[in-house]
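Just so you know, these numbers come straight off a predicted model, no measurement behind them. When a residue number appears, it is its place in the shown sequence, counting from 1.
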Amino acid sequence: MTPEPTKKNRRGVRGFKESESGGVRDVDLKPLSKNPFIALLRFLPLVLLAIGVVGGTSIGVWYKITHPHMDPSAVKDTRVVPDGHGAEKHLGSIPAAQDVLAGGSDIKQACAPNYPLEPQVEVWGQATLARNPEQNEAAYLAGHEASGHPYVAGKDSFVFWNDAQVANFSQAVGRTKVNAEQIKAWGDYFAALGTKLQAEGKTLLIVPAPAKWEIYPEMLPDWATAMRAQGSLSALIKATPGLPWVDTRAALVNAKTEGQTYARNNSHWTPWGAQVASKQILECLAVLNPDMKVAPAAYEGLKNGDAPNEFREFGIAQGQADWTTPQWVSPPLGTIADPQGSRETSLDEEVNFANIPAVVTNPAGAPIKVLFMRDSQGNSLSSPLDMVFGTVIHEKANLDGEPRPDVLTLAKDKDAGLVIYEFTQRYLSLPAPVMP
């Protein structure tokens, strides 16, 4: 907002007189000196002004290029306030569209194809117009608390974390959603990080690990399906199309016909889901940086086993064997160096979140050094990445803790040419990272 003009500095301006109306006018210049050099000095302020205008214009162009698109539809706050009402406040204009880091709409199919199960309802509460806001909130709370434990029971033995895990179920139905300020904060961080990495000759890929309810919404209980609205991940990706998003949701949905991409009693993608995600990561990378074209890990068929049961302590039985895993073809040998030491092993071995930082060296992999910023979703994703890249450096993204890492400095110090930044979808409810 442009500040109101003040009378400060009006008086005593050389060559000008205060007008009776309170404005500055009435130019009173003395005759120019007969000395040519002195005369030219009279034009020095004009020259400096011209330089300032050109410089300011250049900075403005740079700012537009290095900041992401913020769609006007994203400038409403649709989070639910404590009484259950959807608040809508206009937060003003935000930067114009600039598809820079990801190269424009031609890469959309490779990197971020349309999510096929998107609810048509944008704002939570609109799907249940028969209820008033208080009734809608009461219905949510009744279903949310029904189990007496930190989970919501779905259909066909599916189990979902409730809001005990970073507002997880509120996000599942769109009750909690990023607002314009949060979108700008996430967008500004990744735009600044991507721009600075580009300046160092490095490539950034942003990989949100989708929540299970995004891939299996048909397994939500009926009361939740009835009020489901668009969520935070869609809002953020749509508002910042210039960022190098790898949106794996469509691929994970389509791959359900071959095997479970998420298990009933676990919130992480299965090894099969992670392989599907890794394939799209590599396809997107090949489009953004053709010098980094890498083939995905080879496998022959899928097998099912028992999933790690996250809900066992709350009385959820093991149930079906639905932890779907690819049968890897000749996984390469390599070295994993973690806090427990260094060992040679088959690289289909996962690098567990509890054992990082870790460095995986693969003599048979593509000669690319990867900085893999990750959380526990990176457990299953580690194998399909470790088996195809020469070096993968596993570091904690730490979005749900402190300290949050300086990714740019890590990439420089580790001499990584590629940064893959993976994070769990529900963490979008947390404050965005900031550049140091």
Side-chain angles (χ1 to χ4, degrees), residues 111-113 115 205-216 233 245-285 294-310 321-329 331-332 334 336 345-356 358 360 362 365 370-389 392-397 418-427:
C111 297
Y115 170 48
L205 296 179
I206 312 166
V207 186
K212 181 165 66 175
W213 36 262
E214 288 273 68
I215 310 306
Y216 289 89
L233 183 55
W245 296 106
V246 182
D247 185 355
T248 59
R249 290 178 295 175
L252 290 165
V253 168
N254 294 334
K256 292 191 301 185
T257 58
E258 298 179 60
Q260 291 287 132
T261 52
Y262 289 76
R264 289 167 174 77
N265 58 8
N266 193 288
S267 60
H268 301 77
W269 43 28
T270 63
W272 167 234
Q275 165 64 2
V276 171
S278 74
K279 182 173 181 290
Q280 186 161 351
I281 289 170
L282 297 176
E283 288 174 354
C284 180
L285 177 62
V294 179
Y299 68 95
E300 289 182 350
L302 304 172
K303 64 178 181 180
N304 287 318
D306 287 341
N309 186 351
E310 291 183 308
D322 59 355
W323 193 249
T324 305
T325 303
Q327 300 276 68
W328 304 112
V329 175
I336 298 178
T345 184
S346 174
L347 294 183
D348 57 348
E349 177 185 335
E350 293 183 354
V351 176
N352 192 280
F353 182 70
N355 297 328
I356 60 176
V360 179
N362 175 8
V370 181
L371 174 61
F372 184 21
M373 305 303 303
R374 49 162 289 197
D375 53 28
S376 58
Q377 294 279 9
N379 291 357
S380 292
L381 188 55
S382 62
S383 296
L385 296 181
D386 293 340
M387 287 192 286
V388 299
F389 289 110
V392 180
I393 302 154
H394 296 251
E395 292 280 350
K396 294 181 179 180
L418 171 63
V419 176
I420 299 175
Y421 196 115
E422 172 273 317
F423 64 94
T424 297
Q425 177 176 349
R426 65 173 177 260
Y427 289 167

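- Using a distance-only test at 3.5 Å, with no hydrogens or angles considered, no donor-acceptor pair links the side chain of Asn362 to the main chain of Gly334.
- Counted within 6.0 Å of NZ on Lys279, heavy atoms from surrounding residues, nucleotides or ligands total 12 or fewer; the atom is thus considered open.
- A pairwise comparison of heavy atoms in Val419 and Met373 identifies CG1-CG, 4.4 Å as the closest pair.
- To the nearest 0.5 Å, the span separating OG on Ser376 from CG on Leu381 amounts to 11.5 Å.
- Under a 3.5 Å cut-off, the side chain of Thr270 and the backbone N or O of Gln260 do form a donor-acceptor pair.
- Residues Pro326 and Pro271 meet the side-chain proximity criterion, which asks for heavy atoms closer than 4.5 Å.
- Aromatic ring pairs are classed by plane angle as parallel below 30°, tilted from 30° to 60° and perpendicular above 60°; the pair Tyr299 and Trp328 is perpendicular.
- With hydrogens and angles disregarded, a donor-acceptor distance shorter than 3.5 Å links the side chain of Lys212 to the backbone of Asn266.
- Between Leu371 and Glu395 the shortest heavy-atom distance is CD1-CG, 3.8 Å.
- Atom SG of Cys111 is separated from atom CD1 of Ile206 by 10.5 Å, given to the nearest 0.5 angstrom.
- Nearest heavy-atom pair, Ser382 versus Arg374, reported as atom, atom and distance to 0.1 Å: CB-NH1, 4.4 Å.
- Listed by first then second residue, pairs satisfying salt bridge (charged side-chain N to carboxylate O under 4.0 Å, His left out) with a partner in residues 261-274 read Asp156-Arg264, Arg264-Asp322, not counting sequence neighbours.
- Not counting sequence neighbours, the partners of Glu349 by the side chain to side chain contact (heavy atoms under 4.5 Å, CB included) test are Ile336, Arg343, Thr345.
- Rounding to the nearest 0.5 Å gives a distance of 11.5 Å between CD1 of Ile420 and CD1 of Ile393.
- Heavy-atom minimum distance, Glu310 versus Ser267: OE1-N, 2.6 Å.
- Of the possible polar contacts, none joining the Glu422 side chain to the Ala209 backbone as a donor-acceptor pair under 3.5 Å is found.
- Side chain of Ser383 to main chain of Ser380: no donor-acceptor pair is present (N/O by atom type, distance under 3.5 Å, no hydrogens or angles).
- Closest heavy-atom contact between Gly273 and Leu252: O-CD2, 3.3 Å.
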If you apply the rule side chain to side chain donor-acceptor pair (under 3.5 Å), what do you find for Glu214 with Gln425, and how did you get there? CA-CA 10 Å; Glu214 288 273 68; Gln425 177 176 349; 3.1 Å; yes

Evaluate Asn355 against His394 for side chain to side chain donor-acceptor pair (under 3.5 Å), listing each step before the verdict. CA-CA 9 Å; Asn355 297 328; His394 296 251; over 6 Å; no

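- Under the 3.5 Å distance criterion, the side-chain polar atoms of Lys256 are matched with a main-chain donor or acceptor of Ile215.
- A donor-acceptor distance shorter than 3.5 angstrom exists from the side chain of Tyr216 to the backbone of Thr261, with no hydrogens or angles considered.
- To the nearest 0.5 Å, atoms NZ (Lys396) and CG (Asp375) are separated by 11.0 Å.
- Atom CD in Gln275 sits 9.5 Å away from atom CG in Leu385 (nearest 0.5 Å).
- Across all non-hydrogen atoms, the minimal contact from Trp323 to His268 is CZ3-O, 4.1 Å.
- In terms of modelled atom types and a separation under 3.5 Å, the side chain of Tyr115 and the main chain of Leu233 share no donor-acceptor contact.
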